[in-house]
Amino acid sequence: MNKAEPENATELMLLVIKQIPAGRVATYGQIASLSGKPKNARQVGATLRDLPTGSDVPWHRVVNARGIVSERNHRPDCEQRQKELLEAEGIVFDDNGVIDLVRYRWDPNVG
DNA sequence: AAGTTGACTATTT
DNA sequence: AAAATAGCCAACT
């Protein structure tokens, strides 16, 4: 029997992230909540951190609750990379590098 | 087994 | 407004 639905929250997180449409962003807490673990926002980041290069997961569409690209202590170059990918999808950053979540946050109920 | 870490978030200074 | 504190919890040492 193959599993139609993942039991692990980690895999579920990845599936949720894959649902984010281009031109939209979601927060870590949002992904965690949609994965049934509203307190595991940090785990979302940990999962993305271990994501292999070339993954089909749109990791760049995940930002923190303030609408900015989270600083990562290890791959600082990825931060810039993330902004480029988002801008390529039409996401606009203001002068402070902040995304307007009211405008760009993904609403799973709408699509 | 017990302590540390961190791509988080909300609250308080 | 910006920085520090507190709460959280899976993964790692």
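Just so we're on the same page: letters track the sequence lines, and every chain starts at 1. These values consider heavy atoms only, across backbone and side chains, with no hydrogens, waters or symmetry-generated copies.
- Atoms CZ and CG, on A:Arg72 and A:Asp77 in that order, are 9.0 Å from each other to the nearest 0.5 Å.
- Formation of a donor-acceptor pair under 3.5 Å by the A:Ser35 side chain with backbone atoms of A:Lys37 is not found in this model.
- For a distance-only test at 3.5 Å, the side chain of A:Arg72 qualifies as a donor-acceptor partner of the base of B:dA7.
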CA sep, side-chain torsions, deciding dist, call: A:Glu87, A:Val92, side chain to side chain contact (heavy atoms under 4.5 Å, CB included): CA-CA 6 Å; A:Glu87 290 182 322; A:Val92 177; over 6 Å; no
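- Residues A:Leu14 and A:Tyr28 share a single hydrophobic cluster, defined by chaining ILVMFWY side chains whose heavy atoms lie under 4.5 Å apart.
- A donor-acceptor contact shorter than 3.5 Å links the side chain of A:Gln82 to the backbone of A:His60.
- If you check every strand for non-hydrogen atoms under 4.0 Å, A:Thr47 touches nothing.
- Taking atom CE of A:Met13 as the reference point, atom P of B:dC8 lies 13 Å away to the nearest angstrom.
- Listed by residue number, A:Asn64, A:Ala65, A:Ser70, A:Glu71 are the residues of residues 63-71 of chain A with a heavy-atom contact under 4.0 Å to DNA chain B.
- Scanning all heavy atoms of the two residues, the minimum distance from A:Glu89 to A:Gly23 falls at OE1-N, 3.2 Å.
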Please enumerate all protein N or O atoms sitting under 3.5 Å from an N or O of nucleotides 8-11 of chain C, with distances to 0.1 Å.
residue: C:dC8; atom: O2; partner: A:Arg42; partner atom: NH1; Å: 3.3
residue: C:dC8; atom: N3; partner: A:Arg42; partner atom: NH1; Å: 3.1
residue: C:dA10; atom: O4'; partner: A:Gln43; partner atom: OE1; Å: 3.2
residue: C:dA10; atom: O4'; partner: A:Gln43; partner atom: NE2; Å: 3.4

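- The separation between A:Gln80 atom CD and B:dA7 atom P is 18 Å, rounded to whole Å.
- Between atom CG of residue A:Leu12 and atom OG1 of residue A:Thr47 there is a gap of 10.5 Å, rounded to the nearest 0.5 Å.
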Secondary-structure notation, DNA chain C, from Watson-Crick and G-U pairs under 3.5 angstrom (| other strand): .||||||.|||||
